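Bear in mind that the values here come from a model prediction, so they are computed numbers and not experimental data.
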Amino acid sequence: FDKCITNSNTTSLSLPGNNTLSTGTIPNQYNYASQRSVCANWQPFVFSTAANYELPIGPGKKFLTAGGAFGRVTGGWRLGAIVLFRTGSLISVTQPSNLPLYAGSQYADPVPGVSSKGSWTGTFNPAKDLYLNPNAFTLAPTNAFGTGSSYLPNVFAPFYSNANISLSKSTSIKERLNAELRLETFNTFNQVVFGGPAANISTPSTFGKITTVANSARNCQLVLKLNW
């Protein structure tokens, strides 16, 4: 049984980028603080756990203890699971670059005192609700660095959760030969996890809308393996 829980805050400083050939992300080399941002891989909450449980049936177990052919069928069953819960991905609110000597991304200016996250009633519905608030951002003035940073520090894409569950059986055939049968399911409960919102402030028709998913539909596979 393993588990990992983290709750942390991380910041980083990217390469300078105020020239037309740069791949850096800081437009103003003389004021790094203006572009201070959390790291691209920041995950303030992550819970991951994995477990295996041998079912108490079959010879030598608590239930269905008969041996012989019946014991070969009932014994050797295991149930396994991997579960993950984590904060959604980071969001960058961008705009078209208005800095002729800067080749990197330019970020929209946040409006002070206005919540970056959209509001909705009940459960979020991507068909009608906006995940980001369009009134919380404005275009940076022409030829100005602006005040936006690489990632929003307080708004994340929708929360991510996933469970993979497997059922396996190991059967001894001979002393040096055994067979393993496994049924493995990925995204077992067929959950839908929404992706991040469109976040280019220059396209108001799509800004704040979520049109993608961050996971895949349930998938199953059956495996038969011989070990010798």
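Listed by first and then second residue, the salt bridge (charged side-chain N to carboxylate O under 4.0 Å, His left out) pairs that reach into residues 219-228 are Glu180-Lys225, sequence neighbours excluded. Screening residues 154-176 for salt bridge (charged side-chain N to carboxylate O under 4.0 Å, His left out), with sequence neighbours left out, gives no hits. Screening residues 47-70 for salt bridge (charged side-chain N to carboxylate O under 4.0 Å, His left out), with sequence neighbours left out, gives Glu54-Lys61, Glu54-Arg78.
Expressed to the nearest 0.5 Å, how far OH of Tyr151 lies from OG of Ser89 amounts to 10.0 Å. Separation of atoms CG (Leu90) and OG (Ser92) is listed at 7.5 Å; rounding is to 0.5 Å.
Distance alone, capped at 3.5 Å, places no donor-acceptor pair between the Ser168 side chain and the Leu181 backbone.
Note on Leu224 and Trp228: separate hydrophobic clusters, where clusters join Ile, Leu, Val, Met, Phe, Trp and Tyr whose side-chain heavy atoms are under 4.5 Å apart, directly or indirectly. Taken together through direct or relayed side-chain contacts under 4.5 Å among Ile, Leu, Val, Met, Phe, Trp and Tyr, Leu167 and Val83 form parts of separate hydrophobic clusters. Residues Phe124 and Val155 fall within the same hydrophobic cluster, defined by Ile, Leu, Val, Met, Phe, Trp and Tyr side chains chained together at heavy-atom separations under 4.5 Å. A continuous path of Ile, Leu, Val, Met, Phe, Trp and Tyr side chains, each step under 4.5 Å between heavy atoms, connects Tyr53 with Phe63, placing both in one hydrophobic cluster. Note on Trp120 and Phe194: same hydrophobic cluster, where clusters join Ile, Leu, Val, Met, Phe, Trp and Tyr whose side-chain heavy atoms are under 4.5 Å apart, directly or indirectly.
For Phe159, the side chain to side chain contact (heavy atoms under 4.5 Å, CB included) test picks out Phe45, Phe85, with sequence neighbours left out. With sequence neighbours left out, Ser202 forms a side chain to side chain contact (heavy atoms under 4.5 Å, CB included) with Pro96, Asn200. With sequence neighbours excluded, the residues satisfying side chain to side chain contact (heavy atoms under 4.5 Å, CB included) with Ala81 are Ile165. Considering only residues two or more places apart in sequence or on other chains, Thr212 meets the side-chain hydrogen bond (donor to acceptor under 3.5 Å, both in side chains) condition with none of them. For Leu64, the side chain to side chain contact (heavy atoms under 4.5 Å, CB included) partners at least two apart in sequence or on another chain are Ile57, Phe70, Thr74. Gln106 meets the side-chain hydrogen bond (donor to acceptor under 3.5 Å, both in side chains) test with Asn98; sequence neighbours excluded.
With a 4.5 Å cut-off on side-chain heavy atoms, Tyr107 and Ser149 do not count as touching. Using a 4.5 Å heavy-atom threshold, the side chains of Ile173 and Asn178 count as separate. Here the side chains of Ser161 and Leu84 are not in contact, with every heavy-atom distance at 4.5 Å or above. Counting heavy atoms from C-beta outward, Val93 and Leu152 have side chains that approach closer than 4.5 Å.
Under the 4.5 angstrom side-chain criterion for Ile, Leu, Val, Met, Phe, Trp and Tyr, Ile82 has no cluster partners at all.
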For residues 129-148, run the donor-acceptor check on the side chains, cut-off 3.5 Å, and write out each pair with its distance to 0.1 Å, sequence neighbours left out.
residue	atom	partner	partner atom	Å
Asp129	OD2	Asn125	N	2.8
Tyr131	OH	Phe156	O	2.6
Asn133	OD1	Asn135	N	3.1
Asn133	ND2	Ser115	O	3.1

Identify all side-chain donor-acceptor contacts of residues 214-223 below 3.5 Å with residues at least two apart in sequence or on another chain.
residue	atom	partner	partner atom	Å
Asn215	OD1	Val193	N	3.3
Asn215	ND2	Gln191	O	2.8
Arg218	NH1	Thr188	O	2.9
Gln221	NE2	Glu184	OE1	2.4

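Here the closest heavy-atom approach between residue Gly71 and residue Pro59 is recorded as O-CD, 3.6 Å. Among all heavy-atom pairs drawn from Pro126 and Ile210, the shortest one is CB-O, 3.5 Å.
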